[in-house]
Amino acid sequence: MPKIFICEDNEELAEDMQSVLEKDGNSVIHADCKAAALEVLANESFDLLILDWELPDGSGVDICKEFRAGGGSTPILMLTGKSKTTDKEIGLDSGADDYLIKPFSFQELKARLRALMRRSARPLSQNVLSSGNLSLDPGNFHASLDGKYLALVPKEFALLEFLMRNPNQVFSADSLISHVWTADEMVSPDTLRTYIMNLRRKVDPGKQDSRIETVHGIGYRFRS
């Protein structure tokens, strides 16, 4: 039985989501503020997290950042009334795997959650990948840079794994999206670009030239 955590301060919306998800056989726990959410996440583990952007005492972005900083790798769906590209980038930069703009249908909510669940449940190869000071162990979902733990969200990990398994090959944005995301996940080239930017900052911090290269007019490649 999948265990889902919801942090949403709109009581009616939270109750409706909880009811819909529990009817589908999920176990659901709800909190209505940042402080309560962080306390729950410090003591329990979940298969999926649903975080509202705006909360009475903070934001879902703050929760996401703290959760990821502590090593949490559970897939996160961010609920937001913000639709600007810059706002979406802030959410993804914080460590969220996907976002859903309010108002939304529960059918779409469930589809997004199914997609995140399938991605996190995919079997991973046991081969350790390495490139210079960068190491990736898909079997243990562990990445390291210069021997130190490198915090990656699931989609960042999957994207980096695919690129490292296919070094020096150029992939279009559409090709990368089709390999890393599932068919019912709505992902744009702009979203992919945000993930690429995040990965560059993490795997090549402070460097102008990243081993994840943009081939202008074509796509991206991992330079081994």
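Quick caveat, the model's predicted, so the values are computed rather than measured. Side chains included, hydrogens not; waters and symmetry mates left out as well; all remaining heavy atoms used.
Judged by distance alone, the side chain of Ser210 and the main-chain N or O of Ile212 form a donor-acceptor pair under 3.5 Å. The backbone N or O of Val153 lies less than 3.5 Å from a partner atom in the side chain of Glu156, making a donor-acceptor pair. For Asn168 (side chain) and Ser224 (main-chain N/O), a donor-acceptor pair under 3.5 Å exists by modelled atom type. For Arg211 (side chain) and Val203 (main-chain N/O), a donor-acceptor pair under 3.5 Å exists by modelled atom type. Side-chain atoms of Asn10 come within 3.5 Å of backbone N or O of Leu13 as a donor-acceptor pair. Using a distance-only test at 3.5 Å, with no hydrogens or angles considered, no donor-acceptor pair links the side chain of Asp32 to the main chain of Glu11. In this structure, Ser178 contributes its side chain and Ser175 its backbone to a donor-acceptor pair below 3.5 Å. Using a distance-only test at 3.5 Å, with no hydrogens or angles considered, a donor-acceptor pair links the side chain of Arg68 to the main chain of Gly72. The main-chain N or O of Val28 is never found under 3.5 Å from a side-chain atom of Lys3 such that the two would form a donor-acceptor pair.
The shortest heavy-atom contact between Ile6 and Gln18 is CD1-N, 4.2 Å. In terms of heavy atoms, Phe67 sits closest to Leu49 at CE2-CD1, 3.7 Å. Of all the heavy atoms in Asp47 and Met117, the pair that sits closest is CB-CE, 4.1 Å. The minimum heavy-atom distance between Pro205 and Leu145, with the atom names listed, is CD-CD2, 3.7 Å. Between Ile76 and Cys64, the shortest heavy-atom contact is CD1-SG, 3.5 Å. Here the closest heavy-atom approach between residue Leu163 and residue Leu176 is recorded as CD2-CD2, 3.9 Å.
Separation of atoms CZ (Phe46) and OG (Ser27) is listed at 8.0 Å; rounding is to 0.5 Å. Note: Glu66 CD to Lys34 NZ = 4.5 Å, rounded to the nearest 0.5 Å. Put simply, CD on Glu213 and CD1 on Ile218 are 12.0 Å apart, with the number rounded to the nearest 0.5 Å. Between the OG1 atom in Thr74 and the CG atom in Leu116 there is a gap of 11.0 Å [rounded to 0.5 Å]. Taking OG1 of Thr80 as the start and CG of Leu51 as the end, the distance is 11.5 Å to the nearest 0.5 Å. Here Leu129 contributes atom CG and Ser135 contributes atom OG; the two are 8.0 Å apart, rounded to the nearest 0.5 Å.
In this model, a donor atom of one side chain and an acceptor atom of the other lie less than 3.5 Å apart for Ser59 and Asp62. Using a 3.5 Å distance cut-off with no hydrogens or angles, the side chains of Ser188 and Thr191 do pair a donor with an acceptor.
Checked against the 6.0 Å centroid criterion, the rings of Phe171 and Phe162 qualify as a close aromatic pair.
Ile196 has its side chain within reach of Leu159: a pair of non-hydrogen atoms, C-beta onward, lies under 4.5 Å apart. In this structure the side chain of Trp53 never reaches within 4.5 angstrom of the side chain of Leu79, judged on heavy atoms. The closest side-chain heavy-atom distance from Leu109 to Leu77 is below 4.5 Å. Taking the side chain as every heavy atom from C-beta outward, Leu55 and Cys7 approach each other to under 4.5 Å. Looking at heavy atoms from C-beta onward, Arg201 lies in side-chain contact with Asn198 at the 4.5 angstrom threshold. The closest side-chain heavy-atom distance from Asn26 to Pro2 is below 4.5 Å. Considering only heavy atoms from C-beta on, His142 comes within 4.5 Å of Ser144 through its side chain. Looking at Leu199 and Leu152, their side chains come closer than 4.5 Å, going by heavy atoms from C-beta outward.
Under the 4.5 Å side-chain heavy-atom criterion for grouping Ile, Leu, Val, Met, Phe, Trp and Tyr, Val170 is not connected to Val180 through any hydrophobic cluster. Linking Ile, Leu, Val, Met, Phe, Trp and Tyr whenever their side-chain heavy atoms come within less than 4.5 Å puts Leu21 and Phe104 in one cluster.
Counting heavy-atom neighbours within 6.0 Å of Glu108 CD, excluding the residue itself, gives a total above 12.
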Discussion item. Evaluate Met17 against Phe106 for side-chain contact (heavy atoms from CB on, under 4.5 Å), listing each step before the verdict.
Written reply: CA-CA 7 Å; Met17 285 193 293; Phe106 291 128; 3.6 Å; yes

Worksheet item: Between Ile50 and Leu113, does a side-chain contact (heavy atoms from CB on, under 4.5 Å) hold up when you go through it step by step?
Response: CA-CA 9 Å; Ile50 303 174; Leu113 295 180; 3.8 Å; yes

Worksheet entry | Check against side-chain contact (heavy atoms from CB on, under 4.5 Å), Leu134 and Phe222 | CA-CA 12 Å; Leu134 176 65; Phe222 183 87; 4.2 Å; yes

Practice prompt. Show your reasoning for whether side-chain contact (heavy atoms from CB on, under 4.5 Å) applies to Val40 and Phe5.
Written response: CA-CA 9 Å; Val40 171; Phe5 175 68; 3.8 Å; yes

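With salt bridges taken as basic N to acidic carboxylate O contacts below 4.0 Å, one links Lys102 and Glu8. Between Asp190 and Arg193 a salt bridge is recorded (basic side-chain N to carboxylate O distance below 4.0 Å).
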